[in-house]
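Below: one structure, written as structure tokens.
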Amino acid sequence: MRILHAASEIFPLVKTGGLADVVGSLPPALARRGLDVRVLLPGFPAMLDGIADLRPLMRIGPVFGAASVTLCAGRLPDSRLPAYVIDAPFLFRRKGNPYIGPDGHDWSDNHRRFGLLGWMAAHLASGELDPEWIPDVVHAHDWHTGLTPVYITQNPGLRVPTVFTIHNLAFRGIFPMDCNYDLGLSMRRLNPHGVEFHGNISFMKAGLVYASKITTVSPNYAREICTPEFGYGLDGVMRDRAGDLSGILNGVDYAVWNPGDANILEPYSADDLAGKKACKRALQMEFGLSTEARGPLFAVVSRLTSQKGMDLLLAALPELLQQEAQLVVLGTGDGDLEAGFRYAASVNPGNVAVCIGYDESMSHRFMAGADILLVPSRFEPCGLTQLYALHYGTLPLVRHVGGLADTVVDINDETLAQDRATGFVFGEASRHALGARIREACEFYRNNGSAWEKIQRKAMRQDFSWDDSAANYEQLYRGL
Ligand code: ADP
């Protein structure tokens, strides 16, 4: 069975978040099950540089405002899976963030850039671009590829089924209606039953309405997005399509994320945790934090946004410091939140440290060195960092929402007795609820040394590898 994955990011070439990790690891997991899998990617500079053996396959154009568009073929650097790359210099050869220009705003031609991505996926599906390899199913990821199912259904002779995966419903790919001059969607689809969203076009909605099947990245988020609270105005569409919607939990690539990985100072395992203490000390020293603190070392590896509850954390910080705990933050995001964390570090030297930036290797050192990883999200489709933390014996402290609720078992008398507990969970999205759980986590850390280690081992032995999830995707494809 031939499966084409279309996406805008892929680890390790272009990554702004969890989407890249999933697109980097799900296709190889499917290939290991015997499926014939390829990926389609936009030709950002890092894609063109990083894909091996890249050669032109077909010259197309001008289309979508680009004078020259060339479909190239090559291989992914690690898995060696076949990859198609769209080389459209006018649209994609721009350095930096794939979606945002140097002025901090979305590129004004994003509708054309990602319209082209969906259009190319549809034309690969039709066999016009590579007659040697025609997919049986096209799997499109997030709003960037949301037009894929529309372009496929616009060709009445084309019957290739599509799967559309929501990685984050908050990013809906909304553009003014007159962008359709560039996109060429048929008039029949420009209404509220189709791609229209309150007078605009939404690429996300297009994917939701026209895909054969919809998935999202955790069972709990699949339920949540059918409600107004989490639906971002699309909950009605989600309810209409509930019969075709399922939640399949993301997996972890344990070859990349493990406490013996190349970024770790002193490798350790569930059987021998000694190295973790050295990793903690090294992290404290790297950031000028005291190595004498009585409380645990909390870490954040995250976009610094209100989605991730980072404002709640800033507000709850006094509670954390009262417990003689420490906080180390790695992230970028909203200017106000970045400034808030910088200020917190400047007035609490030795106990709070912040790195505003994006650093893959440092994120591994955080996972290994911290005692507790904070993920106090307002909403969280799946969340990957808590899964990584578990495997490094760093107990997650998370809000009971989305995929966080599916993957972290709260520490309480009952779960401790059943030997199921893996982290700290709180309910309400408020500074008080977060602050209270932080305090309780600190008390537990101070008073339960041996229980802590037992939970660490339990956490490290959780299996969130891709095996089960890839099997679920395969079942979905076979059903189509
Ligand atoms: P989201 O995709 O919503 O940002 P996820 O938890 O699904 O959240 O995935 C985030 C991914 O991005 C993880 O791999 C995490 O380690 C990584 N990440 C987030 N911020 C940073 C950062 N500042 N530096 C390095 N990696 C980061």
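Atoms within a ligand are numbered from 1 in the order they appear, just like the ligands themselves. Note: hydrogens, waters and symmetry copies are ignored here, and every other heavy atom, side chains too, is used.
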Cationic N near anionic O, under 4.0 Å, R378 to D311: yes
R461/D271 ion pair, N-O < 4.0 Å: yes
contact_flag Y388 ligand 1 heavy-atom lt 4.0 Å: yes
Residue from W143, F114, F197 passing ring-ring contact (aromatic ring centres under 6.0 Å, His included) with F175: W143
Nearest neighbour in protein (non-hydrogen) for atom 15 (C) of ligand 1: T385 CG2, 3.6 Å
Ligand 1 atoms in contact with L330 (distance to a heavy atom under 4.0 Å): 22 (C), 23 (N), 24 (N)
Residue pairs involving residues 326-343 (criterion side-chain hydrogen bond (donor to acceptor under 3.5 Å, both in side chains); sequence neighbours excluded): Q284-Q326
P98 and T16, any side-chain heavy atoms less than 4.5 Å apart: yes
Parallel, tilted or perpendicular: rings of Y445 and W452 (30°, 60°): perpendicular
For S302, the ligand 1 atoms whose distance to one of its heavy atoms is below 4.0 Å: 20 (N)
Those atoms of ligand 1 less than 4.0 Å from some heavy atom in G331: 23 (N)
Criterion side chain to side chain contact (heavy atoms under 4.5 Å, CB included) against T385, the qualifying member of T394, L404, V375: V375
L384 and ligand 1 - part of the residue with a heavy-atom distance under 4.0 Å: both
Plane angle bin for Y477 and H139 - parallel if under 30°, tilted between 30 and 60°, otherwise perpendicular: perpendicular
Which of the ligand 1 atoms, numbered from 1, are nearer than 4.0 Å to a heavy atom of G18: 1 (P), 2 (O), 7 (O), 9 (O), 10 (C), 11 (C)
Non-hydrogen side-chain atoms of F92 and R113 separated by less than 4.5 Å: yes
Residue part near ligand 1, for H167, under 4.0 Å between non-hydrogen atoms: neither
C382, portion touching ligand 1 at heavy-atom distance under 4.0 Å: neither
Salt bridge R365-D359, side-chain N to carboxylate O under 4.0 Å: no
W257-ligand 1 polar pair, N/O distance under 3.5 Å: no
Numbering as shown, the atoms of ligand 1 that approach G383 to under 4.0 Å (heavy-atom distance): 6 (O)
is_close_aromatic(H391, F464), centroid dist under 6.0 Å: no
Element-labelled atoms of ligand 1 that are located less than 4.0 Å from some non-hydrogen atom of D21: 13 (C), 14 (O)
Any M367 heavy atom less than 4.0 Å from ligand 1: no
Within-shell test, N168 vs ligand 1, heavy atom, strictly < 4.0 Å: no
Close-contact set for ligand 1 against D359 heavy atoms, below 4.0 Å: 24 (N), 25 (C)
For atom 18 (N) of ligand 1, the protein heavy atom that lies nearest, with its residue and separation: Y358 OH, 3.7 Å
Shortest reach to atom 8 (O) of ligand 1 by a heavy atom, considering only R303, E9, K308, E360: K308
Per-atom contacts of ligand 1 with G357, taking only distances under 4.0 Å to non-hydrogen atoms: 22 (C), 23 (N)
